[in-house]
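In what follows, a single structure is set out as structure tokens and then discussed.
Since we're looking at a predicted model, the values are computed, not measured. Numbered from 1 within each chain, the chains take letters A, B, ... in sequence-line order.
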Amino acid sequence: MIRLPRGTQDILPGDSEKWQYVEQVFVDLCRRYNYQEIRTPIFEHTELFERGVGDTTDIVQKEMYTFTDRGDRSLTLRPEGTASVVRAFVQNKLFGSNQQPQKLFYNGPMFRYERPQQGRMRQFVQLGIEALGSKDPAIDAEVISLAINFYQSLGLKSLRLVINTLGDKESREQHRQALVNHFHPYREELCQDCQLRLDKNPMRVLDCKKDKEHPAMQTAPKILDYLTPEAKDYFEKVTAYLDAVGVEYVIDSNLVRGLDYYNHTAFEIMSAASGFGSITTLSGGGRYNGLVEDLGGPETAGIGFALSVERLLMALEAEDVELPLEQSLDAYVVAIGEKAEAKAFEITQTLRTNGLKADKDYLKKKIKAQFKAADRNQAAYVIVIGENELTNGQVSIKTMTTGEQENIAFDQIVSYIKQKG
RNA sequence: GCGGUCGUGGUGAAGUGGUUAACACAUCGGAUUGUGGUUCCGACAUGCGUGGGUUCGAUCCCCACCGGUCGCCCCA
């Protein structure tokens, strides 16, 4: 038997309805905030991610699904959405659109070559948004509130929004230098990864879990102390906007984010629900002023976030949230005897074209088994048609909840069901 | 990339070095003629992840591999 590749999953009936529901809620919400959908390819030139995501990141260094095609091009299955969206923004000159800022959302599979575990798949689905072309702190708050709003509207309660600023270029440069100076004497005591990070991206040392307890970590210079007045002001405005709309948050100066392109606002939303395993991050995002330029476009500010549907579903489960999924059937048509088959088929079809959810048997089952099927499908009504009915021009309609049964003329079936509800 | 743990029918699972691999659920059939959710009866793994090895003999012992799962790192 050929099995699915490691780290992938089949989403089967029973679950797929949850996915559809969640995705639909997301689309509706994005529309309310006036975001429009963008669809980009599932694979891109490898270079896009090396430059866009950053080659010091774990994603680029060890998690990319890279392959060579028949034309000897190096392509990569996208590990995240932002780089592609920005690429499309530049390539299609959306910066010239009369709709500014460009507010976009996307929904699709992402790929990272990792060891699968709970909440971490090699193929996983992200829903995300990007707002390009505005450096108004209010739009940072808009993006964050949309994310929170989404989770809340699905019924999640145990949420924790963590926010930080990574400052502007100048702030980061000074902070970076301070970090290098600070950690330099302890270099040998840090883990191997951190020794590398110290050279390439010192900020990520703060994010390390291995060296978390190291004394130098507690006393490390905080970005908040190195912010330029402008960066500081920006961050204060973002939080003020969040306060204004009642979004609760926690400031964590060690929140760094794993992607190179972030600056200014960075945030993560975590689930505080118990029984959620070791994975708690539901979504993350931040501002990436400068990325558009890096990818060949004009100077353009940007901010966005992405969330994982897999983790969202896990969180919903952990909090025992029941999604309002509609699965029952309005009617199931039972045919008795071969002569009634054609009419049963016809009636089923008529119900459907009149907007009712209907089905019938296709396995030549006995009456009893057909009723069982009707029951399993949670049919509200069972329409029985046999030889008697055929000659009378009527069917017998049974209301499953009460067991009552009535004879109804063929052309009255739809109105009968609609009227009774 | 590293570590723990597991791998028996559609599902959940018991089990033993030796003629017929429990049990439950699901499914299907039946309990007199055209009616479900209850009950009763019956059917349902030539097979115990794959490949080697040990043995007179292995699903059960050993090895390797593959896969699931959880954790570390990092992230969504």
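- Here the separation of B/A24 from B/C56, taken at their P atoms, is 39 Å to the nearest Å.
- At a threshold of 4.0 angstrom between heavy atoms, the contacts of A/E310 with the nucleic acid are absent.
- Look at B/U38: it lacks any Watson-Crick or wobble partner with both distances under 3.5 angstrom.
- Note: CD (A/Q61) to C1' (B/C75) measures 14 Å, nearest angstrom.
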Show me the protein contacts with nucleotides 10-13 of chain B, counting only N or O atoms at under 3.5 Å.
none

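- In this model, a side-chain donor or acceptor of A/R120 finds a partner on the base of B/C74 within 3.5 Å.
- Side-chain atoms of A/E389 come within donor-acceptor range of the base of B/G34, with a qualifying N/O pair under 3.5 Å.
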Tabulated below should be each protein N or O lying under 3.5 Å from an N or O of nucleotides 3-5 of chain B; please produce it.
unit_1	atom_1	unit_2	atom_2	d
B/G3	O6	A/R115	NH2	3.4

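- The phosphate of B/C75 (OP1 or OP2) has a side-chain N or O of A/R204 nearer than 4.0 angstrom.
- Within the nucleic acid shown, A/M110 has no heavy atom closer than 4.0 Å to any nucleic acid atom.
- A salt bridge links A/E142 to A/K103: at least one charged side-chain nitrogen sits closer than 4.0 Å to a carboxylate oxygen.
- Contact check on A/D168 versus A/R287 returns no salt bridge, with no Lys/Arg side-chain nitrogen under 4.0 Å from an Asp/Glu carboxylate oxygen.
- With hydrogens and angles ignored, a donor-acceptor pair closer than 3.5 Å exists between the side chain of A/D375 and the base of B/G36.
- Note that A/R122 lies outside the cation-pi zone of A/F111, set by a 6.0 Å cut-off to the ring centre and a 45° limit from the axis.
- No engagement by A/Q370 is indicated, since no non-hydrogen atom pair under 4.0 Å with the nucleic acid exists.
- Contacts of A/I59 with the nucleic acid, taken as non-hydrogen atoms under 4.0 Å apart, are absent.
- For the pair A/K368 and B/G36, the criterion of a side-chain N or O lying under 4.0 Å from OP1 or OP2 is met.
- Not a single donor-acceptor contact under 3.5 angstrom links the side-chain atoms of A/K62 to the base of B/G1.
- Residues in residues 353-364 of chain A take part in these salt bridge (Lys or Arg N to Asp or Glu O under 4.0 Å) pairs, two or more places apart or across chains: A/E341-A/K360, A/R352-A/D359.
- Among the atoms of the strands shown, base atoms are found under 4.0 Å from some heavy atom of A/G403.
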